[in-house]
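Here's the structure, in structure tokens; my notes come after.
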2 protein chains.
Amino acid sequence: MRRIAESTVRRLSLYLSFLEEIEARGVPTTSSEDLARLGGTTSAQVRKDLSFFGSFGKRGLGYSVPELSARLRRILGLGRQWRVCIIGAGKIGAALARYAGFTERGFIVSAVYDSDPSKIGSRWGNVKVRDEASLERDIEAGDYQIAVLAVPADSAQNLADRVVRAGIKGILNFAPVQLTVPNDVALRAVNMAMELEALTFAITNKVD
Amino acid sequence: MRRIAESTVRRLSLYLSFLEEIEARGVPTTSSEDLARLGGTTSAQVRKDLSFFGSFGKRGLGYSVPELSARLRRILGLGRQWRVCIIGAGKIGAALARYAGFTERGFIVSAVYDSDPSKIGSRWGNVKVRDEASLERDIEAGDYQIAVLAVPADSAQNLADRVVRAGIKGILNFAPVQLTVPNDVALRAVNMAMELEALTFAITNKVD
DNA sequence: CTACCTTTGTGAACTAATTCACAAGCTCCC
DNA sequence: GGGAGCTTGTGAATTAGTTCACAAAGGTAG
Ligand SMILES: NC(=O)c1ccc[n+]([C@@H]2O[C@H](COP(=O)([O-])OP(=O)(O)OC[C@H]3O[C@@H](n4cnc5c(N)ncnc54)[C@H](O)[C@@H]3O)[C@@H](O)[C@H]2O)c1
Ligand SMILES: NC(=O)c1ccc[n+]([C@@H]2O[C@H](COP(=O)([O-])OP(=O)(O)OC[C@H]3O[C@@H](n4cnc5c(N)ncnc54)[C@H](O)[C@@H]3O)[C@@H](O)[C@H]2O)c1
């Protein structure tokens with residue numbers, strides 16, 4: 001398949017979230033124009049984004065909401081359950097472990113890993129805190145495909161290397177460091193400093 | 001000033017973080033090649049990014065680390081203190097309020113706002129939980145320039161409208177909704193679902 | 001069946017971002 | 001002081017992404 005731009009993937013996620021809202025309101029069809037308005041883009045952009053994957057609409061009518069959302073789910077790889085572990089049972093790890101948004105989207109979080117003996121063995125809701133020493137064993141057993149890194153910056157690369165070696169397929173990194181992983185492993189980073197700096201840049205260099 | 005691409009701003013933040021590491025190691029100069037290697041880009045990209053703002057290096061020699069990082073800080077608007085409030089004293093709000101990374105970057109978080117009477121008045125470290133009813137008054141008094149939204153999705157737009165009316169300059173949104181704000185207000189969003197979906201898309205559509 | 005309205009899907013045109021490639025500037029050394 | 005060796009800064013070329021614009025297709029009403 002032709003390489004898909006990251007911006008396209010982001011927009012597909014966005015369209016899916018709009019479709020879910022529209023579906024919840026019981027509206028049966030929608031149009032590229034509707035989705036564009038909701039997403040702050042143009043209808044041509046919506047149609048072009050979808051066209052990379054096929055043709056899902058009916059001319060003159062628009063798109064069937066359930067059909068298009070099913071298609072987008074499939075395109076985004078959401079047609080299956082994903083098992084996720086969180087590494088680092090600190091402040092951000094705790095928030096993530098209890099975050100309902102994961103489950104709602106079909107991501108199963110069943111464990112958090114930490115190295116601190118005082119945390120290991122405790123239970124947060126139905127999530128257990130496990131010893132990070134068993135991380136490799138659990139990943140190799142197929143318990144998780146995705147790891148969320150919520151550890152201090154100076155442990156992050158080491159843990160990334162370990163989970164990669166054990167066969168993880170995707171990493172979502174919250175530590176403020178640039179990780180290096182083989183390019184068959186998917187990597188995304190959430191970097192608060194960068195987000196805040198994008199804000200201060202925009203405020204400071206306002207066009208008016 | 002010519003409009004600067006968002007990708008450029010993201011890379012400037014990244015370069016700054018590399019410069020801070022390099023500075024901490026006591027290395028006095030660096031080159032576009034070094035920064036490119038660290039950031040997974042090309043030296044031409046680094047030089048082009050910087051060239052939008054001036055010319056900071058010495059041919060044949062490279063860049064003075066303290067000078068370039070000072071320049072980047074100024075470009076990114078970090079030459080001053082920014083006061084930030086967090087709205088929503090829930091799981092993610094709690095993690096953010098105690099996050100050292102904010103303070104390290106010169107962002108001062110002094111209050112969290114919530115509507116839940118059982119939370120209002122409590123104190124987390126040196127951060128107080130205040131009644132969201134006083135949000136407008138505090139913003140109008142100049143207490144904050146930036147608001148971080150960590151409230152449920154269905155309250156987020158309403159709170160955004162309120163803080164905008166009160167004069168906030170930038171919003172960092174954690175709720176999984178697309179907010180609408182006037183375009184003189186800077187807006188960034190951290191959307192977990194999108195990050196995870198970017199991972200599952202990449203894993204599912206792997207090029208091999 | 002036809003005219004008319006709507007909205008898709010997509011090449012073509014355009015705009016933005018990245019990469020190339022090299023002259024210019026700085027240092028060092030003989 | 002001049003040549004060698006680096007590395008910057010930047011137009012030009014290239015590549016990527018977005019928007020335009022319209023033919024094609026579906027629906028509806030008369
Ligand atoms: N708190 C936030 O709001 C926030 C926001 C964005 C990013 N971050 C980043 O997320 C990371 C974690 O932040 P935090 O605030 O939760 O810190 P924290 O100190 O509360 O938690 C870190 C946890 O990681 C554990 N840990 C350390 N080394 C480990 C290892 N080798 N294996 C397993 N666990 C290990 C520690 O025991 C601790 O429980 C940091 O890199 C931070 O910069 C935090
Ligand atoms: N927990 C996570 O890891 C996580 C991650 C990403 C995004 N989010 C998003 O962040 C938001 C908060 O998530 P959470 O897990 O912290 O939820 P939470 O329920 O723990 O916290 C929400 C808080 O907001 C407060 N609140 C509600 N309405 C308010 C109002 N009008 N004014 C002020 N405060 C109000 C509630 O009292 C509560 O304390 C949600 O939109 C969620 O989707 C959460």
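Every chain is numbered from 1, with letters handed out A, B, ... down the list of sequences.
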| message | Less than 4.0 angstrom between a side-chain N/O of A/Arg47 and OP1 or OP2 of D/dT19, yes or no? | response | no
| query | Is any side-chain nitrogen or oxygen of A/Ser32 closer than 4.0 Å to OP1 or OP2 of C/dT7? | reply | no
| query | What is the distance, rounded to the nearest whole Å, between atom CD1 of B/Ile4 and atom C1' of C/dA16? | reply | 13 Å
| query | So, is B/Ser51 close to the D/dG9 phosphate, meaning a side-chain N or O under 4.0 Å from OP1 or OP2? | reply | no
| query | How long is the line joining CG of A/Leu68 and P of C/dT8, in whole Å? | reply | 10 Å
| remark: When rounded to the nearest 0.5 Å, the distance separating CD of B/Gln145 from SG of B/Cys85 is 10.0 Å
| So, for B/Ala175 and B/Ala153, which heavy atoms are closest and what is the spacing to 0.1 Å? | CB-CA, 4.0 Å
| query | Closer than 4.0 Å, any side-chain N/O of B/Ser7 to the OP1 or OP2 of C/dT18? | reply | yes
| query | Do B/Arg59 side-chain and D/dT7 base share a donor-acceptor contact under 3.5 Å? | reply | no
| Between atom NZ in B/Lys48 and atom P in C/dA16, what is the gap in whole Å? | 15 Å
| query | Should B/Arg3 be listed as having a side-chain N or O under 4.0 Å from OP1 or OP2 of C/dA16? | reply | no
| request: Grab the CZ-P distance between B/Phe53 and D/dG9 for me, whole Å please. | output: 14 Å
| task | Step through the shown structure and confirm whether more than 12 heavy atoms of other residues, nucleotides or ligands are within 6.0 Å of CZ on B/Arg80. | result | yes
| said: For a quick check of understanding: with a heavy-atom distance under 4.0 Å over all strands, which category does B/Ala44 fall into, base, sugar-phosphate or nothing? | reply: base
| field | Separation of D/dT28 P from A/Leu61 CG (nearest whole Å) | value | 7 Å
| said: Which nucleotide wins on minimum distance to the side chain of B/Arg11, given the candidates D/dT18, C/dT19, C/dT18? | reply: C/dT18
| remark: Contacts of B/Gly54 and A/Thr42 projected onto DNA chain D by closest heavy atom; the upstream (5') one is B/Gly54
| Whether over 12 other heavy atoms sit under 6.0 Å from A/Asn158 CG | yes
| task | Take the protein atom CG of A/Asp49 and the nucleotide atom C1' of D/dT18, then report the distance between them rounded to whole Å. | result | 10 Å
| field | Whole angstrom value for the distance that separates P of D/dT18 from CD of A/Glu6 | value | 11 Å
| field | For A/Asn191 against A/Ala193, the heavy-atom pair lying closest together | value | OD1-N, 3.1 Å
| said: If I take atom CD in residue B/Gln45 and atom P in nucleotide C/dA16, what distance separates them, rounded to the nearest angstrom? | reply: 16 Å
| query | When you check the phosphate oxygens OP1 and OP2 of C/dT7, does a side-chain N or O of A/Ser31 lie under 4.0 Å from one of them? | reply | no
| said: At less than 4.0 Å, is any side-chain N or O atom of A/Tyr63 found next to OP1 or OP2 of C/dG9? Yes or no. | reply: yes
| Which of these nucleotides, C/dT27, C/dA17, D/dG27, is closest to any side-chain atom of B/Ala5? | C/dA17
